[in-house]
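Throughout, residue positions are numbered sequentially from 1 according to the sequence presented. Keep in mind that this is a model prediction, so the values were computed, not measured.
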Amino acid sequence: MVHQVSDHQSGLPVAPDTVLALPPSSQTKDPGSRWTTLDSLLCGAFAGAVAKTVIAPLDRTKIIFQVSSQRFSAKEAFRLIYCTYMKDGLLSLWRGNSATMVRVMPYAAIQFCSHEKYKKLLGSYYGFQGKALPPCPRLLAGSLAGTTATMLTYPLDMVRARMAVTAKEMYSNIMHVFVRISQEEGVKTLYRGFTPTILGVIPYAGITFFTYETLKKLHADKTKRSQPYPHERLAFGACAGLIGQSASYPLDVVRRRMQTAGVTGSSCGTIMRTMREIVTQEGVVRGLYKGLSMNWVKGPVAVGISLSTFDITQNLLLKLHQMSFFIH
């Protein structure tokens with residue numbers, strides 16, 4: 001970019017027709033401009049991996065209850081965890097976590113990265129570039145980010161659900177799941193439950209990101225601090241996860257039933273048929289909200305860790321970019 005510098009701006013006598021080209025470094029005085037898409041992807045992948053690994057045993061237990069007709073209670077959940085540990089060892093509690101990592105790392109990377117992109121895009125469109133978005137665009141950015149990530153990584157979620165509810169003898173590894181499902185049930189099965197997943201992720205991701213961004217904005221307005229402390233980020237993320245997951249939980253149960261129909265013997269084919277079958281056999285609260293109390297434990301923890309880890313990692317990389325800028 002080229003700028004003409006006048007006498008009173010530079011303090012030096014310059015001929016009227018003289019044109020000075022600014023050095024490349026002056027165009028990146030803002031360290032944030034050095035932030036790249038790769039940085040967002042790396043931070044998102046790391047945040048998702050840390051959060052999901054921490055709550056993997058609770059997540060696996062929740063899925064097992066979601067896809068069965070067994071009544072859920074905290075006592076039964078912890079009894080299942082204990083029996084699994086005694087029968088197959090400690091690492092069995094993380095069965096399916098490899099599939100979770102294969103799925104959650106690209107999912108979280110795409111979700112966080114696209115959220116940043118959508119915020120910038122909507123901010124530019126609504127005239128809020130570089131500022132906190134108003135409520136509606138803030139909600140829309142989160143929903144679009146969740147939808148984008150889900151569309152690109154859905155088959156991995158199906159594989160993870162299958163590995164979580166089956167014995168290790170049935171599927172030896174992730175590729176074995178893909179091969180067996182494709183051969184025995186058809187490739188379309190890899191997308192079974194896609195519609196309720198999308199319908200659920202729109203309010204879930206939208207409300208989660210909206211709540212987290214709103215709490216950060218309110219915090220900044222009240223304390224005059226631009227960045228919350230780590231424990232405050234964790235609390236904001238926990239609140240966001242609690243609200244977001246509660247709003248979309250019934251659709252989460254429906255998608256799990258549809259994903260695992262091939263190994264549980266269920267006849268779930270459509271959203272309404274699956275939902276009707278669950279309500280008829282188990283009731284509304286005990287069926288569609290089965291495991292929600294466990295989700296209130298593991299969900300806020302996972303979302304809190306994920307969102308705060310992303311923010312902290314992002315700030316760390318921004319500082320490294322800033323240091324690099326001043327060094328050079």
Notebook entry, point to check: Can you tell me if S114 uses its side chain to pair, donor with acceptor, with the backbone of Q111 under 3.5 Å?
Noted result: yes

Margin query: Any side-chain to backbone donor/acceptor pair from T189 onto G186? Under 3.5 Å, distance only.
Written below: yes

Note to self: Assess, by modelled atom type and distance only, whether the side chains of K117 and T37 contain a donor and an acceptor separated by less than 3.5 Å.
What the structure shows: yes

Checklist line | Evaluation steps, side-chain contact (heavy atoms from CB on, under 4.5 Å), between V303 and Y204 | finding: CA-CA 11 Å; V303 177; Y204 168 67; 3.5 Å; yes

Check: Above 12 or not: heavy atoms from other molecules or residues under 6.0 Å from CZ of F178?
Finding: yes

Next item on the list: Look up atom CG in L218 and atom OG1 in T214, then write down how far apart they are to the nearest 0.5 Å.
Entry: 6.5 Å

Margin query: Could you check whether any side-chain heavy atom of Q227 comes within less than 4.5 Å of a side-chain heavy atom of K216, counting everything from C-beta outward?
Written below: no

Next item on the list: Identify whether NZ of Lys or CZ of Arg in R103 sits under 6.0 Å from the centre of the six-membered ring of Y107 and within 45° of that ring's axis.
Entry: yes

Check: Do NZ/NE/NH1/NH2 and the carboxylate oxygens of E213 and K119 come within less than 4.0 Å?
Finding: yes

Next item on the list: Assess the side chains of T53 and W94: does a donor N or O sit below 3.5 Å from an acceptor N or O?
Entry: no

Next item on the list: Give the ring-plane orientation class for Y289 versus Y249, where under 30° counts as parallel, over 60° as perpendicular and anything between as tilted.
Entry: parallel

Next item on the list: Could you pull out the closest heavy-atom pair between Y154 and T197, with the gap in Å?
Entry: CE1-OG1, 3.2 Å

Item checked: Test item: L316 and I312 side chains (from C-beta on) under 4.5 Å apart, heavy atoms -> no

Notebook entry, point to check: For L156, does its backbone N or O pair with a side-chain atom of T153 as donor and acceptor, under 3.5 Å?
Noted result: no

Check: So do the side chains of E232 and Y229 get within less than 4.5 Å of each other, counting heavy atoms only?
Finding: yes

Next item on the list: Return yes if some donor-acceptor pair links the side-chain N/O of S92 with the main-chain N/O of G89 below 3.5 Å, else return no.
Entry: yes

Check: Taking it one step at a time, do L190 and S182 satisfy side-chain contact (heavy atoms from CB on, under 4.5 Å)?
Finding: CA-CA 8 Å; L190 292 171; S182 300; 4.1 Å; yes

Notebook entry, point to check: Heavy atoms, side chains only, cut-off 4.5 Å: are D311 and Y212 in contact?
Noted result: yes

Margin query: Between R162 and Y171, is there a side-chain donor-acceptor contact under 3.5 Å, judged purely by atom types and distance?
Written below: yes

Item checked: C43/F310 under side-chain contact (heavy atoms from CB on, under 4.5 Å): CA gap, chis, key distance, verdict -> CA-CA 5 Å; C43 289; F310 177 80; 3.6 Å; yes

Margin query: Measuring from atom CG of L292 to atom CH2 of W296, what distance do you get when rounded to the nearest 0.5 angstrom?
Written below: 4.5 Å

Margin query: Using 0.5 Å steps for rounding, measure from the CD1 atom of I243 to the SG atom of C239.
Written below: 6.5 Å

Note to self: Using the rule that Ile, Leu, Val, Met, Phe, Trp and Tyr join whenever any side-chain heavy atoms are under 4.5 Å apart, tell me whether L41 and L152 fall into a single cluster.
What the structure shows: no

Next item on the list: Taking R138 for its side chain and L133 for its backbone only, find out whether a donor-acceptor pair lies under 3.5 Å.
Entry: yes

Next item on the list: Any chance you could measure F112, atom CZ, to S306, atom OG, to the nearest 0.5 Å?
Entry: 3.5 Å

Notebook entry, point to check: What closest approach, in Å, do I55 and A302 show between heavy atoms, and which atom pair accounts for it?
Noted result: CG1-CB, 3.7 Å

Check: At what distance, to the nearest 0.5 angstrom, does CD1 of I202 lie from CD1 of I207?
Finding: 11.5 Å

Note to self: Which heavy atom of A240 sits nearest to which heavy atom of T208, and what is that distance?
What the structure shows: CB-O, 3.2 Å

Margin query: Looking at R257 and E282, is there a salt bridge between them, counting it only when a charged N and a carboxylate O are closer than 4.0 Å?
Written below: yes

Item checked: Shared hydrophobic cluster for M170 and V179 (ILVMFWY, side-chain gaps under 4.5 Å) -> no

Check: Taking NZ, NE, NH1 and NH2 as the nitrogens, is one of them in D157 or R256 under 4.0 Å from a carboxylate oxygen of the other?
Finding: yes

Next item on the list: Keeping the roles fixed (side chain from R192, backbone from M158), state whether a donor-acceptor pair exists under 3.5 Å.
Entry: no

Margin query: Apply side-chain contact (heavy atoms from CB on, under 4.5 Å) to residues M151 and F194 and explain how you reach the verdict.
Written below: CA-CA 8 Å; M151 290 177 66; F194 179 75; 4.0 Å; yes

